[in-house]
Asks: 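First, the structure itself, so that you have it in front of you.
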Number of protein chains: 2
Amino acid sequence: MAEPSTRTVSRALDLLAAVCDAGDVSLADAARRTELNSSTALRLLRTLEGAGFVRRDDDGVYRPGLRIVQLGAQALSAESLVSLAEAPLRRLVEATGESCYLSVPHLQGTRGEHGIYLAMEEGTHSIRHTSWVGRTVPLEGTAVGAALRGDVPDAGPEAGYVVAGDVVESDVTAIAAPVRVPAADREGRIVAALSVVAPSYRMDETTVTACGRLLAEEARSILHAVETADS
Amino acid sequence: MAEPSTRTVSRALDLLAAVCDAGDVSLADAARRTELNSSTALRLLRTLEGAGFVRRDDDGVYRPGLRIVQLGAQALSAESLVSLAEAPLRRLVEATGESCYLSVPHLQGTRGEHGIYLAMEEGTHSIRHTSWVGRTVPLEGTAVGAALRGDVPDAGPEAGYVVAGDVVESDVTAIAAPVRVPAADREGRIVAALSVVAPSYRMDETTVTACGRLLAEEARSILHAVETADS
DNA sequence: AAATCGCGTTTCAATAAGTGAAACGCACTC
DNA sequence: GAGTGCGTTTCACTTATTGAAACGCGATTT
């Protein structure tokens, strides 16, 4: 927030982000997280509450309100990156049989960065499991995190993807590839990651390699789609 | 916005909603929708843009930014209503084989109200189709809309649900039931709708009735879950 | 070609909108 | 009982915010 901006609004948006990141937060904690005087925070949170962006139940704790859910869901459905990734995700599921995901970087206030899942397609083997949209994933120790950080080999047999035993779920192998969009430098800018997650017993070395290469290929297909749309 | 609030923040949130509702909007149109002076709107939109809530491409049009997508997705995954509806949605799919949805009311500025889909479970028959999360549905002429408006028989053979040939998609039958939470009156307050959508050729009268009753029952199970959590 | 219209952007005087320190009551802990 | 932290209210102060006006530009109309 180094650019000229409307200070009051910036403060309110910081509070909104703090509530969403924390999931539930007291007034005092919200004020601390945003380094605001508590009466200022109270006033701004009351405005956010009145507009439905946060809610406050009888326990006095602030939580995200339906308005951010509504607008976020609406924006998610209109998000071009999600649309562009849909066909690649589906192709990946057809080719691998495993569940595949699109994730993007997610700033989380002062608590470092995470990734966040925006879309998924379920694998053909899978027992049904809960929706991953909106879940966050650490940038350290995960394949998705490494892809989002750009910590990916760019030459050799594993070029374009990264493999990890996922720290979030054990006995699971995750493979991820960064999705780039055109930028000033030749490499492009990483805006998302495609990933495949499967139980390790199904992922021998040959399968991992094949999956990884598919991922890298589909990530490039998204870049191509962006470049085509731009010209 | 009749309560004491921070005017500047309220204005910025109105602009954010206008951008999300419109999908793409010029500065002049955003200012008109929110009845703000254009230099005020420019300044507030610049703040929203700086914080990532809206973005402005070379065409000068404002669109939702990644930040609202991120926070919205995060809030969606934490939303208790979505969690509570997950098992009922899955049971409905198992019992009917059709795709099932959770939707909530969605205020859309001065343009009347819509519903918005927050969750779905795909049916077992279905050809894969695109994600419905975030899509809006008119309140008039649809089963979901009627359920969200409470325009549902509360006695008789069709108590608790409503059936419509869906105006959004033809040759489709939609059945919906309102989800209520405890409120001061005995009826409770409608906060969401469960719906089943299927091609009409699969929905004879007996099937419709069975589906409808299941929907009403599952809607009641959510109410029970809420009441249990509150006590 | 000239006039008109609408758009987006910048500037600045005016003011009222927003702020934070202080006070207070309450609950909890030692 | 004393201390601590929380949430809420109050109010004097000031600065953050505002909108009218000006301007350049492109598109449309006369």
Side-chain angles (χ1 to χ4, degrees), chain A residues 1-65 67-68 109-111, chain B residues 1-65 67 109-111 230:
Chain A
M1 223 63 76
E3 309 180 348
S5 71
T6 307
R7 188 179 70 162
T8 302
V9 173
S10 298
R11 286 174 158 186
L13 296 176
D14 288 344
L15 280 164
L16 177 59
V19 172
C20 290
D21 288 341
D24 58 359
V25 69
S26 68
L27 170 66
D29 198 17
R32 256 190 310 267
R33 285 163 181 263
T34 49
E35 297 178 332
L36 291 175
N37 176 285
S38 69
S39 58
T40 301
L42 178 62
R43 197 162 34 236
L44 295 175
L45 281 166
R46 278 202 171 134
T47 302
L48 289 167
E49 186 185 357
F53 282 85
V54 302
R55 69 174 202 267
R56 196 178 200 193
D57 303 328
D58 289 347
D59 57 4
V61 167
Y62 287 101
R63 296 182 174 86
R67 195 77 173 115
I68 187 81
T110 58
R111 280 210 264 153
Chain B
M1 224 62 79
E3 310 180 349
S5 70
T6 307
R7 187 178 72 161
T8 302
V9 174
S10 298
R11 287 175 156 184
L13 296 177
D14 288 344
L15 279 165
L16 177 58
V19 172
C20 291
D21 289 340
D24 59 358
V25 69
S26 68
L27 170 66
D29 198 17
R32 258 192 307 271
R33 284 165 183 261
T34 49
E35 295 177 336
L36 292 175
N37 177 285
S38 67
S39 58
T40 301
L42 178 62
R43 197 163 31 237
L44 295 175
L45 280 167
R46 278 198 171 137
T47 302
L48 289 168
E49 184 184 0
F53 283 85
V54 302
R55 70 175 201 267
R56 196 180 200 192
D57 302 327
D58 289 347
D59 55 4
V61 168
Y62 288 100
R63 294 181 176 85
R67 196 77 172 117
T110 57
R111 283 211 263 153
D230 274 2

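Since the model is a prediction, treat every value here as computed from it, not as a measurement. Computed over heavy atoms, backbone and side chain alike; hydrogens, waters and symmetry mates excluded. Naming convention: chains lettered A, B, ... in sequence-line order (proteins, then strands); numbering from 1 in each chain.
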Asks: Let's see if you can work this out: which of dG8(C), dT10(C), dT9(D) has an atom nearest to the side-chain heavy atoms of Ala28(B)?
Replies: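 Side chain of Ala28(B) sits closest to dG8(C).
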Asks: Rounded to whole Å, please give me the gap between CZ in Arg46(B) and P in dA16(D).
Replies: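 Distance check: Arg46(B) CZ to dA16(D) P gives 19 Å.
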Asks: Between the side chain of Arg67(B) and the main-chain N/O of Val54(B), is any donor-acceptor distance below 3.5 Å?
Replies: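 No; zero donor-acceptor contacts below 3.5 Å.
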Asks: To the nearest Å, how far apart are Glu35(B) CD and dT18(D) P?
Replies: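 Roughly 16 Å, once rounded to whole Å.
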Asks: Just by distance, no angles: are the side chains of Thr8(B) and Thr8(A) close enough, under 3.5 Å, to form a donor-acceptor pair?
Replies: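 No.
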Asks: For Phe53(A) and Leu16(B), work out which heavy atoms get closest and say how close.
Replies: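 Reported closest heavy-atom pair: CE2-CD2, 4.1 Å.
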Asks: Whole angstrom is fine here: how far is it from CG in Leu27(A) over to C1' in dC26(C)?
Replies: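 The distance from CG of Leu27(A) to C1' of dC26(C) comes to 15 Å, rounded to the nearest Å.
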Asks: What heavy-atom pair brings Pro64(B) and Arg55(B) nearest, and what distance separates the two atoms?
Replies: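 That would be O-NH1, 3.1 Å.
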Asks: Specify the separation, in whole Å, of atom CG of Leu45(B) and atom P of dT10(C).
Replies: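 It works out to 14 Å between those atoms.
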Asks: I need the minimum non-hydrogen distance between Leu36(A) and Ala41(A), along with the two atoms involved.
Replies: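 Closest pair (atom of Leu36(A), atom of Ala41(A), distance): CB-CB, 4.4 Å.
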Asks: Rounded to the nearest 0.5 Å, how far apart are CG of Leu42(B) and CG of Leu27(B)?
Replies: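 The CG atom of Leu27(B) is 5.5 Å from CG of Leu42(B), to the nearest 0.5 Å.
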Asks: Please encode protein proximity along nucleotides 14-24 of chain C as a string of B, S and -, counting only heavy-atom distances under 4.0 Å.
Replies: ---SSBBB---
Asks: Measure from the side chain of Arg32(A), starting at C-beta and using heavy atoms only, and say which of dC6(D), dC7(C), dT9(C) lies closest.
Replies: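 When the side chain of Arg32(A) is considered, dC6(D) is the closest of dC6(D), dC7(C), dT9(C).
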Asks: Output the rounded distance in Å from CG (Asp29(A)) to P (dC6(D)).
Replies: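 The answer, rounded to whole Å, is 8 Å.
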Asks: Is a side-chain N or O of Ser38(B) found less than 3.5 angstrom from the main chain of Ala31(B), in a donor-acceptor match?
Replies: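 Not a single qualifying donor-acceptor pair exists.
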Asks: What bend angle does the helix from dA1(C)-dT30(D) to dC30(C)-dG1(D) show across its length, from five-pair end axes and to the nearest 10 degrees?
Replies: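 For the helix from dA1(C)-dT30(D) to dC30(C)-dG1(D), the axes at opposite ends meet at about 30°.
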Asks: What residues in residues 52-60 of chain B put a non-hydrogen atom under 4.0 Å from any atom of DNA chain D?
Replies: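 Output list: empty, so none.
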Asks: Output a table of nitrogen or oxygen pairs between the protein and nucleotides 23-25 of chain D separated by less than 3.5 Å.
Replies:
none

Asks: Do the side chain of Thr47(B) and the main chain of Thr6(A) share a donor and acceptor less than 3.5 angstrom apart?
Replies: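 Flag set: sc Thr47(B) to bb Thr6(A) pair under 3.5 Å.
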Asks: Once salt bridge (Lys or Arg N to Asp or Glu O under 4.0 Å) is applied, do any residues pair with Asp59(B), and if so which ones, sequence neighbours excluded?
Replies: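 Here the qualifying residues are Arg63(B).
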Asks: Arg32(B): which residues meet the salt bridge (Lys or Arg N to Asp or Glu O under 4.0 Å) condition with it, sequence neighbours left out?
Replies: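 Result, salt bridge (Lys or Arg N to Asp or Glu O under 4.0 Å) vs Arg32(B): Asp29(B).
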Asks: Can you tell me how far the OG1 atom of Thr34(B) sits from the CG atom of Leu13(B), to the nearest 0.5 Å?
Replies: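 Here the interatomic distance stands at 12.0 Å.
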Asks: What pair of heavy atoms forms the shortest contact from Leu15(B) to Ala30(B), and how long is it?
Replies: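 That would be CD2-O, 3.8 Å.
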Asks: Measuring from Leu44(B):CG to Ser39(B):OG, what's the distance to the nearest 0.5 Å?
Replies: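 Leu44(B) atom CG to Ser39(B) atom OG measures 9.5 Å (nearest 0.5 Å).
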